[in-house]
There are 2 protein chains.
Amino acid sequence: MTSSPYHHGNLREALVDAAVDVVRDGGPEALALRELARRLGVSHNAAYRHFADREALVDVVAERALAGMVDLVHRRLAGVTEADPVSRARRRLMEIGEGYVEFALTQSGLFRLLFTAYPEPPASKGADGTLAPGDDPYGMLNAALDDLVAVGFLAPEDRVGADVTCWAAVHGFAVLNIEGPLRGLSPAERQATLAGLLMAIDRGLGAGGDWPALARS
Amino acid sequence: MTSSPYHHGNLREALVDAAVDVVRDGGPEALALRELARRLGVSHNAAYRHFADREALVDVVAERALAGMVDLVHRRLAGVTEADPVSRARRRLMEIGEGYVEFALTQSGLFRLLFTAYPEPPASKGADGTLAPGDDPYGMLNAALDDLVAVGFLAPEDRVGADVTCWAAVHGFAVLNIEGPLRGLSPAERQATLAGLLMAIDRGLGAGGDWPALARS
DNA sequence: CCGTTGAAGTTACCGCTGTCAACATCGCCT
DNA sequence: AGGCGATGTTGACAGCGGTAACTTCAACGG
């Protein structure tokens, strides 16, 4: 619609769009430059004028996927209505987890690609980023956990590993349900087990030290 | 050593051995039939006399990987010395988790392959199996959780989703540390965060129902 | 002792992939 | 007008999985 400014149209965007489309329900391994070019009516190698190699295109798709996931979680967070600060903070944490899983299940191809080429290691969250510190799932998780501390639900000394614990649990659940042995669960079973997982996390976060013999090897 | 009974030796086993070797630290995507044949001094296509296609070889490698992981966890379980039944059961659960992660980190390629071709969906655990019900990680996890119930640490009504919760948490931790954004953690950080995760699970399992507003959507 | 048979391995080919190099085209700017 | 640089095309190479037809060789029966 916007006219074709150059030779044959605005590739790059068309390539990225098509790539997202292909990956969404085929996973990263379904992304083939030649087949993409074929589908766009352009000759193979045309893509190399816009991306150094396949990996470069994958990276752009990963950014899109990440943005989509952040968007989905944001929408979920916006729907939280609890008034009581503690309930609200706990609910927000659960919404993040559920949103994460929802994205993983509904856009499983993009989710899988995301974890073969994760855009930015979260260690450098606030470094010199073009990315606001809360605009990736890990940042949102950390914000929610900080809220839990501020609100008094989570003891500050239990805050330290909580981010990894939450992320690991939810991520593992997603992976096992997509490519792992838990695919094939009915949506109802899935929702129930996810609820159980989130409740376990909610309760387990304040882990105190009731395990003296832990330090080993 | 055992002589070469046929044309050129006992392929198949040599193929599987080499495949395990390649996959161990290259992941499933590093497994190429042709390169394997080349390394064994045999012509490509020779493998097709022993495996229908690449996938068939992958499946055999997956079985080996699974056996290796089970073996590792068994060895860890054999080292548990706690006398008190409750402590012992809890310790055994943690050993399973730590063994799972240890295998994932030290044999990451095999671990990754395992979850692109998991041998048997655990739903049919005791069906008509050639596999004893406790001889896969999921079975061992379930046995440990049953122990926790028998010993009184875990309420029977909290038993139901506990398997998925444990598996998801530990699996997610492993994945995030291998291919995900948590690679690059130092071993010490890793051990500390894993300990936190396991403690959170240990505490969170008895999740009771202190979240009335959970039923939604 | 010889010949047949069937398993194991080989050569040749096909289509697919990513990637490099050389060539063609077209808009814009001097 | 002319050229330059961005864009796209054609052609080639290597590597991959997979199929088909051919060859080798050990074992077994007559």
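Naming: A, B, ... by sequence-line order, numbering from 1 per chain. Note that these values count all heavy atoms, side chains included, but never hydrogens, waters or copies made by symmetry.
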So, is [X] near the phosphate of [N], with a side-chain N or O under 4.0 Å from OP1 or OP2?
X: R38(B); N: dC16(D); answer: yes
X: H50(B); N: dA7(C); answer: no
X: S43(A); N: dT10(D); answer: yes

Distance-minimising heavy-atom pair for F103(A) and G68(A): CE1-C, 4.0 Å

[X] has an atom [atom1]; how far is it from atom [atom2] of [N], in whole Å?
X: L33(A); N: dT19(C); atom1: CG; atom2: P; answer: 7 Å
X: E13(A); N: dT7(D); atom1: CD; atom2: P; answer: 13 Å
X: R49(B); N: dG18(D); atom1: CZ; atom2: C1'; answer: 12 Å
X: L31(A); N: dT19(C); atom1: CG; atom2: P; answer: 11 Å
X: L11(A); N: dT9(D); atom1: CG; atom2: C1'; answer: 12 Å
X: F51(B); N: dA8(C); atom1: CZ; atom2: P; answer: 12 Å
X: L15(A); N: dG8(D); atom1: CG; atom2: C1'; answer: 12 Å

Base, sugar-phosphate, or nothing: which does R12(B) touch, judged by heavy atoms less than 4.0 Å apart?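 Answer is nothing: R12(B) stays at 4.0 Å or more from every strand.
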
What nucleic acid atoms does L36(B) come within less than 4.0 Å of, heavy atoms only: base, sugar-phosphate, or nothing?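 Here L36(B) touches no strand at all.
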
Measure from the side-chain heavy atoms of [X] and tell me the nearest of [options].
X: R54(B); options: dA8(C), dG8(D), dG18(D); result: dG18(D)
X: Y48(B); options: dA21(D), dT19(D), dT9(D); result: dT19(D)
X: V42(B); options: dG8(D), dG9(C), dG18(C); result: dG9(C)
X: A32(B); options: dG18(C), dA21(D), dC16(D); result: dC16(D)

Let me know, please, whether D53(A) or H44(B) comes out on the 5' side of the other along DNA chain C by nearest nucleotide. H44(B)

Quick one: on DNA chain C, does E35(A) or N45(A) contact a more 5' nucleotide (nearest heavy atom)? E35(A)

May I ask you to verify whether the side chain of R34(A) and the base of dT19(C) hold a donor-acceptor pair under 3.5 Å? yes

Look at the side chain of [X] and the backbone N and O of [Y], then say whether any donor-acceptor pair between them is shorter than 3.5 Å.
X: D202(A); Y: L198(A); answer: no
X: D53(B); Y: A56(B); answer: yes
X: R12(A); Y: H50(A); answer: yes

Salt-bridged, R39(B) to E35(B), with N to O below 4.0 Å?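 Salt bridge flag = yes for E35(B) with R39(B).
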
